[in-house]
Protein chains: 2
Amino acid sequence: MALRVGVVGGGQLARMLIAPAVELGVELRVLAEEPGMAASLAATAVGDYRDAETVLAFARDVDVLTFDHEHVPQEVLRALLDAGVAVHPGPDALRFAQDKLLMRARLDELGMPQPEWAAVAEASQLQDFLDAHGGRAVVKTPRGGYDGKGVRVVSAAAEVEDWFTALAEDARGGELLVEELVDFTRELAQQVARRPSGDLRSYPVVETVQRDGVCAEVIAPAPHAAQRLVDVARGIGESIATGLGVTGMLAVELFETADERVLVNELAMRPHNSGHWSQDGAVTSQFEQHLRAVLDLPLGEPSPRAAWSVMINILGGPAEGGLDDRFAGAMAEHPGAKIHTYGKAPRPGRKVGHVTVAGTDLDDVAYEARAAAAHFDA
Amino acid sequence: MALRVGVVGGGQLARMLIAPAVELGVELRVLAEEPGMAASLAATAVGDYRDAETVLAFARDVDVLTFDHEHVPQEVLRALLDAGVAVHPGPDALRFAQDKLLMRARLDELGMPQPEWAAVAEASQLQDFLDAHGGRAVVKTPRGGYDGKGVRVVSAAAEVEDWFTALAEDARGGELLVEELVDFTRELAQQVARRPSGDLRSYPVVETVQRDGVCAEVIAPAPHAAQRLVDVARGIGESIATGLGVTGMLAVELFETADERVLVNELAMRPHNSGHWSQDGAVTSQFEQHLRAVLDLPLGEPSPRAAWSVMINILGGPAEGGLDDRFAGAMAEHPGAKIHTYGKAPRPGRKVGHVTVAGTDLDDVAYEARAAAAHFDA
């Protein structure tokens with residue numbers, strides 16, 4: 001009788017759990033939002049993850065429940081625990097990924113380095129923060145944002161008037177998160193796997209390149225990283241994983257600043273785009289590691305299998321024809337490139353696949369990855 | 001619209017095509033012999049592969065048809081071609097994998113080095129061969145043998161009397177294959193991928209260790225292999241792939257002899273146990289390569305990603321409990337081991353999974369792989 005892992009959400013992260021589950025011999029079951037999603041091969045149910053009855057029914061036949069995203073409501077998560085379902089990560093950890101204000105407050109308690117931030121309920125408070133921080137800042141909706149959505153760089157409170165209006169109409173009331181506009185030199189990401197038993201394994205810190213608020217490229221490990229930087233990033237990741245009681249994969253997005261600081265930007269409590277390189281570049285991929293962690297199995301070796309891995313997202317995809325129409329060209333010119341597509345229809349800006357190349361020379365690896373991925377552009 | 005590959009047969013070879021198909025974005029469809037087989041996740045039909053109507057109906061919705069085994073009858077394969085189905089490998093190639101007498105005759109025509117052999121229709125002919133070859137030889141049924149089945153080492157014709165009797169009763173009539181008992185020092189395997197367009201990619205020659213006629217262990221690349229041996233093995237593999245018109249993966253099992261010869265033992269026209277190491281040890285696994293080859297896509301880089309890879313088969317599995325009961329112990333002690341299980345019930349001698357370890361020191365790699373696999377023994 002195989003171990004059974006249930007995944008709420010049918011996107012590409014759930015899809016990329018299929019390969020390690022099949023190889024290991026774990027039965028993966030997916031509750032998809034709709035038919036025909038990226039993870040449809042493993043979909044055993046289709047329904048609304050906001051409906052407790054739907055999720056409870058899905059969870060009845062699995063050993064552990066985990067997630068493709070962090071949007072399952074707390075009340076649904078609590079109902080699962082009340083019903084005796086093993087849920088990883090659990091609601092006490094997930095709330096910090098669901099609410100950026102809770103996250104900022106908790107990371108302050110843990111002493112984690114962060115951008116200066118404040119919770120603002122009205123325009124005047126935001127204006128005060130702007131005045132105190134050079135007239136520009138980043139405003140975020142505490143809930144529901146991803147890939148740059150729910151994030152605005154503003155120089156006047158009026159630029160988020162619509163958000164304040166929405167808050168005023170929201171029964172829950174609430175506040176917006178405002179953060180200093182960090183003068184960063186680059187963005188990094190630290191991934192840590194943590195078992196319910198508390199055991200941790202950390203991946204090498206990576207450099208991520210964002211375009212229009214979306215991850216475009218990842219270099220693993222982060223180039224030109226002093227040992228101090230590596231140690232600081234790892235320490236932050238492990239402190240947050242333990243401090244927030246995360247189970248499964250945690251990704252901590254970081255800013256490296258011109259004045260040598262490392263500041264926490266965002267958290268994700270699931271496999272993350274910054275770790276896709278590990279499928280082809282690490283001994284244990286983040287997807288196998290997530291399965292092992294949520295099943296409370298001993299964690300795998302996270303070390304790289306090559307000196308360098310570069311992952312390039314396929315954003316949007318071909319304007320005409322499917323991604324597979326581009327296989328022949330990409331494969332002919334780049335026989336060492338690992339091509340991954342998600343079974344999603346191409347659409348401007350949409351993450352529809354990625355390409356990873358691993359090797360010994362960073363310039364060669366980056367060139368191969370970028371050139372292979374370029375075959376899938378519009 | 002994804003490319004669609006149909007696989008006849010639901011065993012572990014079909015199962016191991018699932019991971020690369022999902023990652024690449026190829027739709028895999030499996031015609032399984034029965035429900036609940038190793039490849040059941042991708043099974044879209046259950047039926048008898050010997051029935052032309054069943055296979056034709058299954059093939060109607062795929063771009064190319066390929067196989068988990070070589071047992072689909074020629075008449076069914078011909079009916080598929082007549083119906084316009086793309087079949088790889090095709091019947092003209094597969095017949096040499098289906099009939100060992102045809103294979104031996106054709107390899108002689110191609111000038112491939114082979115054990116001395118003969119076709120024997122009756123006991124007296126076999127006795128003559130025995131008398132001419134030191135009194136012992138290997139007798140094989142030309143069709144249907146695998147993993148040591150249909151193979152006997154004999155010193156008297158009477159030891160295969162039952163096979164002669166069966167031949168006499170077989171409407172097709174026929175002969176047995178007798179081969180000299182080769183004094184080999186070790187067994188090797190050469191894998192080659194070939195596209196319908198003729199393009200070839202060869203994997204490094206590997207050493208295979210058989211126990212009771214079943215593959216137990218594979219070391220990639222073959223240790224202590226002189227360049228001459230590497231070149232000879234590769235030449236044999238590529239000559240056979242081209243000479244027999246193989247499409248997809250070809251495995252050539254070889255004997256290395258005490259007198260420095262390399263002789264062809266067996267052929268397999270599909271992914272093969274001797275190539276499982278490539279899932280974790282090569283840039284392009286034999287399973288991704290087979291998908292690319294049968295779809296006539298450019299072939300991937302077959303080179304190793306580590307100096308050494310060692311694959312150990314899990315034969316039989318635990319006497320009690322499932323393979324997953326052994327995950328915790330194996331993973332705790334061997335965090336770098338890649339564990340693969342096939343969703344098959346443990347049974348003495350049955351291939352139920354394998355473990356691969358890749359690394360820089362052969363002794364360390366072999367120790368880790370053997371020790372990790374030992375956790376899954378009875």
> Is it the backbone or the side chain of Glu288(B) that comes under 4.5 Å from a heavy atom of chain A, or both, or neither?
Replying inline: side chain
> What closest approach, in Å, do Ala19(A) and Ala19(B) show between heavy atoms, and which atom pair accounts for it?
Replying inline: CB-CB, 3.6 Å
>> Under a 4.5 Å cutoff for heavy-atom pairs, which residue among Gly353(A), Gly300(A), Ala328(A), Ala337(A) has the most contacts with chain B?
In response: Ala328(A)
>> Testing the basics here: between Leu24(A) and Phe327(B), what is the closest heavy-atom pair and its distance to 0.1 Å?
In response: O-CZ, 3.2 Å
> Which one, Met16(B), His334(B), Arg305(B), leads in non-hydrogen pairs under 4.5 Å with chain A?
Replying inline: Arg305(B)
> Which one, Leu41(A), Ile18(A), Val283(A), Asp280(A), leads in non-hydrogen pairs under 4.5 Å with chain B?
Replying inline: Leu41(A)
> Which region of Arg292(A), side chain (C-beta onward) or backbone (N, CA, C, O), has a non-hydrogen atom less than 4.5 Å from a non-hydrogen atom of chain B, or is it both or neither?
Replying inline: side chain
>> I'd like to verify something: which residue of Gly322(B), Ala358(B), Ala332(B), Gly343(B) has the highest number of heavy-atom pairs under 4.5 Å with chain A?
In response: Ala332(B)
>> Quick check on Asp325(B) against chain A: is it the side chain, the backbone, both or neither that has a heavy atom closer than 4.5 Å?
In response: neither
>> Is Ala2(B) in contact with chain A via its backbone, its side chain, both, or neither, using a 4.5 Å heavy-atom distance?
In response: backbone
> Out of Thr284(A), Leu299(A), Leu295(A), which one racks up the most heavy-atom pairs below 4.5 Å with chain B?
Replying inline: Thr284(A)
>> Does any backbone or side-chain atom of Leu323(B) lie under 4.5 Å from a heavy atom of chain A? Answer side chain, backbone, both or neither.
In response: neither
>> If the test is side-chain contact (heavy atoms from CB on, under 4.5 Å), which one of Gln279(A), Lys338(A), Arg15(A) qualifies with Glu23(B)?
In response: Gln279(A)
